[in-house]
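The next block holds one structure in the form of structure tokens; read it before the comments.
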Amino acid sequence: MENKKEKILVTSALLYVNGLPHLGHVVGCWLPGDVFARYNRTKGNDVIYVSGTDDYGTASFISAKEVGMKPEEFIHTMNTKIKEIAEKLCISFDKFSETNTETHKETTVDFFNEIYKNGYTVEKESTMLYCEHDKIALADRFVYGTCPYCGYEKAYGDQCDQCGKTYELDDLKSPKCSFCEKDAVKKSTKHIYVSLDKIQPELQKWVESKKDVWRPHVYSMTNKWFKEGLKPRCITRDIPWGIQVPLKDYQDKVFYVWFDAPIGYISITKELGGDEMVKDRWQNKDCKIYNFIGKDNIDFHAIFFPSMELACKKYNLAENVVGFNFLNFEGQKFSKSKKVGIFCNNLMNSDIDIDALRAYLVSIFPENKDSDFTYEGFKLNTNAELVGKYGNFFNRTLNMINKNFGGALEIDYDDIKNSLDENDNEMIEAIKTLPDQIGELFSKTEFRMAYKEIMRFASIGNTYLEKTAPWSLIKNGDINGAKKVLYLCLNMAKALAIVASPIIPNRTAEIWTEQLNFEGRPDGQDMWEKASKINISKSHKVNLPKPLFARLDDEIIERYKQELSHPFDIKTLKK
RNA sequence: CGCGAGGUAGAGCAGCUCGGAAGCUCGCCGGGCUCAUAACCCGGAGGUCACAGGUUCAAAUCCUGUCCUCGCAACCA
């Protein structure tokens, strides 16, 4: 059953530039997207993987001010650092860009113009709080004042922490700007709203068609919106940092970040391959789009962005909105202020094995519910799975081939096919069927299960060695028997390198060239189908093995705990 | 009746969509092997699948109710 090559576009949620990512973002967006993209390339599909940073919005504007930089300079600095971290983690973006580009501005303005032209916008007058000093509109979380109910003086714009009551921004007494603490003033302004209510029927149809594709929690979270009914949503803001709204009377307004950010997926695609690629990936119904996001982003990717796309009528909607849950850390939430977590800026100077880290993270991906990172788990996964099962199998196989046969077995499948016993047949069955089963799991974005199956695959190899005991065969003079066993093991080793390559790309590439002595890379285009073939040539010579992964002891773990727990503080950028 | 997630062997978890003899990793006990990074393989002990009802020939899995735990200001995916 040969599958046709698929066109696939993978996106990972744009990261807000106001800080550097912690493991949560890696585990929910970058890494699953990367594993998925790598698998599909290896499978032979035509994949591109894009992401970047979301540069606009109030917080980054204020942060830039705080460190004495222009917004452009600040976001560029942050974008560069974030990109370095992605590279360190071996996230294989075809393009990692940002939203502060000409291409993005054009794409966003054009996107808006289409919605406008299609009649899906309305104008509304509303009052807002404005800070004359910082020249920005103050959203609920950037303003405080006196609670109209209990008189608490540090109440937020829409809710009081002391009495818990919620209210309208209008009711807050003597409001002040959270940034400069000066009085905020009330202003009346016009804003543009997108008529989500008009789009709801069409959107709902799309969502329903995804019932069996999306993860259950994504589907149910999305459907909750329909029960209450979608309402027009404001997409403009009164701040000086963002993309200008291209309408008369709106010269001083910009688009709300959540309007333009997802359009970034399109503009970054355009940056990568021009209009032609946009056409090929966003306007071609044969291209499937996968959005990898954290659960906090589900609403934006399953409701707002698709609604906008439907109103714009120019681009295709996603095939799958892959919403991940959250990662906790040693039983607690990640927290910068409490220094709970692993903060990726620390990875840059750490000697932690990125592949081992990736493998552990995949094993605990919060696919269906929140999960927990523990150093104990990391240590266990590295020592028991990667060293003991996976790496050990390569080591055993290659060692015996080298020690006893000078690295070359001088046989192939034709030489052994008439002398197969039950154990051999089980081994052959595993090599022929498991790569496809594992691939199926990857393509269904069930990464944790795929990883588990890969480790089970390695265990089958170890058990086979145990049952056949080639070291005894050699001792007893059954050289052909030993060669047969090792030939099958070598073919399994090849398969194991390929199927694990989406998760541990560096180590598998290393063993591929340096130890197995093959050409190319195990994660090369179209390599997947080679995994299930038992076809290594007679004269193939392997090299001496070398341990793939290093064991972790408590001392090293303790050092990582110290090294990796420091959140990045933007104040260090201060001039 | 705020919202959401969860309660499965000592620990951590999978299985629940599409009911059909309780599974994985670690730990523990016993055995085997010595090719391998004190790695590997086999066997065993250990669970009334939170509780109570219901549907069914059959329920961890579906339905109803109850109890308990965790998250829901900000930094933060």
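Order of the sequence lines sets the chain letters (A, B, ...), proteins ahead of strands, with each chain counted from 1. This one's a predicted model, so the numbers in the text were calculated from it and none came from an experiment.
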Protein-to-nucleotide contact annotation, 5' to 3' order, nucleotides 1-6 of chain B [B base; S sugar-phosphate only; - none; under 4.0 Å, heavy atom]: --SS-S
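- In this model, the phosphate group of A36(B) is approached by a side-chain N or O of Lys403(A) to a distance below 4.0 Å at OP1 or OP2.
- Remark: Arg507(A) is not positioned above the aromatic ring of Phe394(A), lacking an NZ or CZ atom under 6.0 angstrom from the ring centre and at most 45 degrees off the axis.
- Nucleotide A39(B) holds its P atom 13 Å from the CG atom of Leu552(A), rounded to whole Å.
- Taking every side-chain heavy atom of Phe549(A) into account, U37(B) is the closest of C76(B), U37(B), U25(B).
- Residues of residues 459-469 of chain A that place a heavy atom closer than 4.0 Å to RNA chain B, in numerical order, are Ser459(A), Asn462(A), Thr463(A), Glu466(A).
- What separates CZ of Phe365(A) from P of A14(B) is a distance of 15 Å, to the nearest Å.
- Ring planes of Tyr56(A) and Trp241(A): perpendicular class, angle over 60° (limits at 30 and 60°).
- Side-chain proximity of Met400(A) to C35(B), A77(B), U37(B): nearest is C35(B).
- For the ring pair (Phe, Tyr, Trp, His ring centres under 6.0 Å) criterion with Phe36(A), the lone passing option out of Phe324(A), Tyr49(A), Phe292(A) is Phe292(A).
- Among Leu398(A), Asn462(A), Ile460(A), the single residue meeting the side-chain contact (heavy atoms from CB on, under 4.5 Å) criterion with Phe393(A) is Asn462(A).
- Residue Leu14(A) forms a side-chain contact (heavy atoms from CB on, under 4.5 Å) with just one option from Asp55(A), Val50(A), Ile268(A), Ile293(A), and that option is Ile268(A).
- The phosphate of A39(B) has neither OP1 nor OP2 within less than 4.0 Å of any side-chain N or O from Arg396(A).
- The shortest non-hydrogen separation linking Met78(A) to Asn18(A) is CE-C, 4.0 Å.
- Atom CE in Met455(A) sits roughly 13 Å away from atom P in C41(B) (whole-Å rounding).
- Remark: Phe373(A) pairs with Phe329(A), Tyr360(A), Tyr375(A) by the ring-ring contact (aromatic ring centres under 6.0 Å, His included) rule, at least two apart or across chains.
- The nearest whole Å value for the distance from the CZ atom in Phe394(A) to the P atom in C35(B) is 21 Å.
- When every heavy atom of Phe365(A) is checked against every heavy atom of Leu31(A), the shortest pair comes out as CZ-CG, 3.8 Å.
- The side chain of Pro547(A) approaches U37(B) more closely than any other nucleotide in the set A77(B), U37(B), C76(B).
- Atom C1' of nucleotide C24(B) and atom CG of Leu380(A) are separated by 12 Å, given to the nearest angstrom.
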